[in-house]
Colleague: 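There's a structure below that I have some questions on.
Just so we're on the same page: letters track the sequence lines, and every chain starts at 1.
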There are 2 protein chains.
Amino acid sequence: MRLPPLNALRAFEAAARHEGYIAAAEELHVTRGAVSRHIKLLEDHLGVQLFRRHAKGVALTEAGRNLQPVLERAFRDIVLGVERISRDAQELRILCPPATSLRWLMPRLDDFRTCHPDIRVRLTTDFHTLSGFDNTEYDIGFSVSKWPRNDARIAVETVFPVLMTPICTPAMAESLRASGPEGLADATLLHDTPRRTDWRDWLATYPVKGVSETSGDTFPNLDMAVKAAVMGAGVVMADLVLCRDELETGALVAPFPDLACKASYGDVCLVGERSRWEDPKVRLFRDWARKAAQPDVDRLHRA
Amino acid sequence: MRLPPLNALRAFEAAARHEGYIAAAEELHVTRGAVSRHIKLLEDHLGVQLFRRHAKGVALTEAGRNLQPVLERAFRDIVLGVERISRDAQELRILCPPATSLRWLMPRLDDFRTCHPDIRVRLTTDFHTLSGFDNTEYDIGFSVSKWPRNDARIAVETVFPVLMTPICTPAMAESLRASGPEGLADATLLHDTPRRTDWRDWLATYPVKGVSETSGDTFPNLDMAVKAAVMGAGVVMADLVLCRDELETGALVAPFPDLACKASYGDVCLVGERSRWEDPKVRLFRDWARKAAQPDVDRLHRA
DNA sequence: GCTCATGGATCAGTTTTCCTAACCCATGAT
DNA sequence: ATCATGGGTTAGGAAAACTGATCCATGAGC
């Protein structure tokens with residue numbers, strides 16, 4: 001299997017398509033002489049005449065007429081394949097769970113798009129599959145560091161730590177401050193998942209007599225639980241980073257800011273296939289995410 | 001639609017298939033440095049990394065893994081297409097009517113094959129279609145020059161003229177010579193076609209009282225009519241070139257050698273699509289046929 | 001933990017390929 | 001007869017590809 005000179009094939013294909021050397025030369029941005037030489041070279045290589053030469057231009061021989069569509073198709077397939085991988089290489093498919101997506105990533109993502117306008121970002125807001133990370137659908141994902149991953153091919157990198165403390169409306173906070181943590185026994189606990197891990201984790205660190213994570217209302221995600229808290233429905237266990245907005249505007253306040261604990265599931269982190277971890281687009285996103293989280297990390301340290 | 005450097009694509013394809021530059025370099029008969037440069041060039045051109053470099057060799061990135069099969073297929077298609085036209089270019093498809101085939105072409109064709117062993121000859125022994133010449137199935141054909149062709153795209157070239165005279169067994173010839181042409185009235189005429197044109201043409205030139213082409217037996221082709229004549233079945237109208245063997249061996253003789261006429265259908269000739277007339281293989285066959293017929297032509301002139 | 005073998009990266013210098021520019025030639029139209 | 005068109009051809013220079021030597025990182029073997 002000996003391939004003929006590829007550039008000569010390309011020249012021939014163009015000449016055959018245009019039925020003339022001049023048009024082909026224009027397409028290839030060369031002179032007619034170059035096209036002429038290429039085609040002669042190819043004919044010599046194959047030992048087959050591809051064009052019959054008239055005074056007024058050239059005409060394909062049967063051999064040439066048979067070869068042209070084969071080449072046109074092959075070259076088109078190559079172009080399509082190349083375009084596809086170029087497109088894929090510039091498309092960053094991110095998976096991000098709802099709370100992190102709505103409350104951290106989406107407000108910041110425009111900055112990433114501005115910094116890297118050539119990268120097409122496709123964000124999917126959803127939870128991970130049970131297996132940990134779907135490396136066929138996504139290039140990178142947000143997750144938590146202590147997720148039970150047993151796949152060595154998945155890389156993990158912390159973005160920001162999760163510090164939790166109860167928060168509620170200013171009015172409710174005032175009465176809680178007056179009563180101390182025991183006042184929580186009279187309050188409605190708001191859980192960001194039906195699993196109630198948020199309050200369980202916090203109560204494990206700061207046990208409060210008469211308060212159990214089994215009480216209170218559950219929501220499918222943190223955003224909804226926080227919205228309920230803003231409406232005065234109860235006390236939500238806040239991730240200090242993800243609830244920054246409400247705390248800054250004063251819509252919600254922390255009655256016991258010193259009673260903050262780390263989440264048992266670890267930090268918010270990025271996960272991705274290790275073999276793709278240094279892909280330019282993935283690398284750029286990781287670098288950007290770390291930088292974007294820096295203010296949040298600093299704020300936690302100051303607190 | 002901008003094609004990347006084709007030689008770089010080829011180098012990449014080989015490297016991807018072998019999962020290493022050294023094996024690819026061997027396949028391409030170059031050094032690993034050359035492969036390395038090609039692939040770097042391609043990566044720069046595409047702006048996509050195709051290999052991840054380890055200390056122990058390279059591994060395809062997802063982009064590279066996607067691109068390789070596309071290229072492998074495209075290159076394979078090109079090779080197959082090129083091989084096909086090379087093969088076709090060396091295959092000469094000849095159509096030849098039965099008499100000319102059996103009595104002229106086939107005994108001489110081995111000489112052509114010996115002179116041009118690279119050309120694969122495919123002889124079809126059959127009559128032409130009514131339309132004159134099937135240029136899709138055949139590269140060249142034997143025919144007769146006065147065939148009513150109205151297609152200007154068909155080229156025609158005489159091979160040898162057709163001179164006809166009655167021939168028969170020596171015994172029958174002796175009695176005919178004694179009786180003169182009028183003796184034909186008592187003989188059985190043998191016709192090489194049901195159309196009886198052979199005797200009609202000859203009788204138009206040399207009218208014989210009491211002899212008409214409407215009498216006698218017909219055969220599907222000259223060969224069978226001649227065989228019948230050899231068996232003493234009658235007098236056949238012989239093409240002097242095609243019946244040379246029988247005349248030379250004395251199996252048949254011409255009682256009136258001076259009463260020879262040209263066939264109304266003209267000469268035996270070659271026909272073919274004018275646009276393919278100068279194809280190397282066609283050209284070679286035409287030149288060979290003219291040369292092969294020269295002894296026959298000379299013999300007619302001597303007679 | 002040192003050494004070596006492996007496989008790729010890099011670079012200077014050379015070879016090969018490719019291209020241009022200017023010319024030629026054949027033919028059909030004016 | 002002249003011109004316009006479209007290829008063919010050539011020398012010379014630009015661009016590419018290649019070589020061969022050297023360098024480098026790493027994993028295996030001792």
Colleague: In whole angstroms, how far is the C1' atom of dG8(C) from the CD atom of Glu26(B)?
Modeller: 15 Å
Colleague: Answer yes or no: is there an ion pair linking Arg276(A) with Asp279(A), defined by an N-O contact shorter than 4.0 Å?
Modeller: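 Salt bridge: no.
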Colleague: What is the distance from NE2 of His18(A) to P of dG6(D), rounded to the nearest Å?
Modeller: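 Rounding to the nearest Å, NE2 of His18(A) and P of dG6(D) are 14 Å apart.
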Colleague: Starting at atom NE2 of His45(A), determine the distance to atom P of dT17(C), rounded to an integer number of angstrom.
Modeller: 12 Å
Colleague: If you count the non-hydrogen atoms of other residues, nucleotides and ligands that lie under 6.0 Å from CZ in Arg283(A), is the total more than 12?
Modeller: yes
Colleague: Protein within reach of the bases, or only the backbone? For nucleotides 8-18 of chain D, mark each nucleotide 5' to 3' as B, S or -, using heavy atoms under 4.0 Å.
Modeller: SBB------SS
Colleague: Rounded off to whole Å, could you give me the CG-to-C1' distance for the Leu9(A) and dT17(C) pair?
Modeller: 15 Å
Colleague: Could you tell me the separation between the CD1 atom of Ile39(B) and the C1' atom of dA9(C), rounded to a whole number of Å?
Modeller: 12 Å
Colleague: Tell me whether Asp139(A) is salt-bridged to Lys281(A), with the criterion being a basic N under 4.0 Å from an acidic carboxylate O.
Modeller: yes
Colleague: Rounded to the Å, how far apart are Ile22(A) CD1 and dT5(D) C1'?
Modeller: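 Between C1' of dT5(D) and CD1 of Ile22(A): 7 Å.
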Colleague: Atom CD of Glu19(B) and atom P of dG8(C): how far apart are they, to the nearest Å?
Modeller: 11 Å
Colleague: Less than 4.0 angstrom from a charged side-chain N to a carboxylate O is my criterion; do Asp267(A) and Lys146(A) meet it?
Modeller: no
Colleague: Starting at atom CG of Leu60(B), determine the distance to atom P of dG8(C), rounded to an integer number of angstrom.
Modeller: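 From Leu60(B) CG to dG8(C) P: 12 Å.
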Colleague: Using a strict cut-off of less than 4.0 Å between a Lys/Arg side-chain nitrogen and an Asp/Glu carboxylate oxygen, indicate whether Glu91(A) and Arg122(A) qualify as a salt bridge.
Modeller: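 Result for this pair is yes, salt bridge flagged.
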Colleague: Can you list every ring pair (Phe, Tyr, Trp, His ring centres under 6.0 Å) pair that touches residues 38-70 of chain A, not counting sequence neighbours?
Modeller: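 Sorted pair list: Phe12(A)-Phe51(A), Tyr21(A)-Phe51(A).
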